**Student:** 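Next up is a structure, given as structure tokens.
In what follows, residues are counted from 1 in the order of the sequence shown. Because the structure is predicted, anything quoted here is derived from the model rather than measured.
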Amino acid sequence: MNTIKLAVLSMILTFCINHHVFAHVENAEKYKKLNPTVTQKVDYHSLIESIMADSPQPFSGTVLLMQEGKQLVSLSKGDGITQDSSFVLASLSKQITATLIMQAVESGRLTLDSYLNKYLNQYLNDDDEPKHRLDNKLSLSQGYHEGITIGQLLSHTSGINTQGKPNLFEPGTRFQYSNLGYTLLGQVLEKVNKLSFSEQISQFNKKHKLNGLDTKTGSIDNIRQHLPTLSLGLTETAKGLSQSDLTINTSLIPAGGIISTTRAFSDFQQKLHSGQLISPKSYQLMTTPHTEITFLWPNMHYGYGLRLNFDDNLTEYSHTGYLSGYMSMALYYPQYNLSLVMLENLSLNLNDFDRVFELHNQIRATIRQSLINKNSKV
């Protein structure tokens, strides 16, 4: 998918209106039916299975729900899909990129208030440039808006625009979801760590024993020749399902092109939120609301690589993703140490938002309702 198509998708996903959200009431009734007393243990497996069975939306992928290190739900549906299958994470990749940035901050290699141009303008004449960094080399010499900081890129408040065009707005003044911003964060990491982004992901995967994160470039068919666990992405058109035409290049990887199994991303999410990857100070910055956002779900904020919600006295850290052939959702509720990862190798037609995001919305709403009911009894 080219940059223009990706930008259009990001704008659609970010600014879609709230009336597409499925009401919590319907899911609350489903919850009560399956769980007649609030003291009864929640059967999440039955809940999610019931939602999928009732939904007209097809599902192909995996779901993993963990609590306190215990597996509550492990579902795999679709042709050839198992829990060992891997998927393109789409925008869930941003959580990993943000974590690597916070690690670089902790090591003193950069600061959140450093200006972007401080790093990227040096590519042309610095002997320690990563050898593979060939694309966009010339344009980087021109620089971006001089006021854009690393922190603003993390929170999508930079207003960054493509080279040769004015910034979208004064940096730091509002929210504008940007895949380009995370692509540039990946290039900053290459500069300060003197290592390709892909190699950094490989080392991160090994160091933290995630056993499932990967990066590859090329068409999905080409990648599958080297990574046979990667599920074949399917995309829905007016004529039916067809193979995704997604091509992953180095620019896409930090923003949406990391590949993972549900288990590996679930382990990453658990380690991130339990303090095993970054310091308490970095974690607080990552989970602090830096800006309000308009999204499918109401009352949302953005931290660093995470969407945040605090409705109903329930803290929620989340993200979703959409690319041609792949959809994803991750939820984490720190009060209950409850983590959900949902990865799909099927992207539905964006002409019908209600249908595309039905399962995401209903599963999220149902889990939230179960936790809110628990909260009310504390």
**Student:** In this structure, which one of Arg224, Gln225, Lys216 forms a side chain to side chain contact (heavy atoms under 4.5 Å, CB included) with Leu230?
**Tutor:** Arg224
**Student:** One thing to verify: whether Lys194 and Glu199 come together as a salt bridge, which I'm taking to mean a side-chain N less than 4.0 angstrom from a carboxylate O.
**Tutor:** no
**Student:** Regarding Glu292 and Arg174, does a basic nitrogen lie under 4.0 Å from an acidic carboxylate oxygen?
**Tutor:**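 Salt bridge between Glu292 and Arg174, a charged N being under 4.0 Å from a carboxylate O: no.
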**Student:** Do the side chains of Lys281 and Glu106 get close enough for a salt bridge, i.e. N-O under 4.0 angstrom?
**Tutor:**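 A salt bridge is absent here (no side-chain N lies under 4.0 Å from a carboxylate O).
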**Student:** Does the plane of the ring in Tyr302 sit parallel, tilted or perpendicular to the ring in Phe175? Use 30° and 60° as the thresholds.
**Tutor:** tilted
**Student:** If you define the side chain from C-beta out and look only at heavy atoms, does anything of Phe265 sit under 4.5 Å from Ile96?
**Tutor:**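 When only atoms from C-beta onward are counted, Ile96 and Phe265 do touch, with a gap below 4.5 Å.
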**Student:** Are any non-hydrogen side-chain atoms of His319 and Leu306 less than 4.5 angstrom apart?
**Tutor:**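 Counting from C-beta outward, His319 and Leu306 never come under 4.5 Å.
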**Student:** How about Thr217 and Asn249: does a side-chain donor come under 3.5 Å of a side-chain acceptor?
**Tutor:** no
**Student:** Test the Lys191-Tyr119 pair against the cation-pi criterion, namely NZ or CZ under 6.0 angstrom from the six-membered ring centroid and within 45° of the ring axis.
**Tutor:** no
**Student:** Go through it in stages, so that I can follow the logic: the residues are Gln67 and Asn337, the test is side-chain hydrogen bond (donor to acceptor under 3.5 Å, both in side chains), and I'd like the CA-CA distance, side-chain angles, deciding distance and then a yes or no.
**Tutor:** CA-CA 6 Å; Gln67 185 172 30; Asn337 194 10; over 6 Å; no
**Student:** Within the supplied structure, the quantity of interest is the number of heavy atoms (other residues, nucleotides, ligands) at a distance under 6.0 Å from Asn313 CG; does it exceed 12?
**Tutor:**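 Open.
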**Student:** Under a 3.5 Å threshold, yes or no: a donor from one side chain and an acceptor from the other, between Gln369 and Arg364?
**Tutor:** no
**Student:** Among Ser198, Ser260, Ser202, find the one that has a side chain to side chain donor-acceptor pair (under 3.5 Å) with Thr215.
**Tutor:** Ser198
**Student:** Is the closest side-chain donor-acceptor distance between His360 and Glu344 under 3.5 Å?
**Tutor:**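 Side-chain D/A pair, His360 to Glu344: present.
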**Student:** Does the ring of Tyr317 carry Arg307 above it, NZ/CZ under 6.0 angstrom from centre and within 45° of its axis?
**Tutor:**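 Relative to the ring axis of Tyr317, which defines the angle, Arg307 lies outside at least one limit.
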**Student:** I want to check something: taking the side chain as every heavy atom from C-beta on, are Lys374 and Val42 in contact at a cut-off of under 4.5 Å?
**Tutor:**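 With C-beta onward as the side chain, the pair touches.
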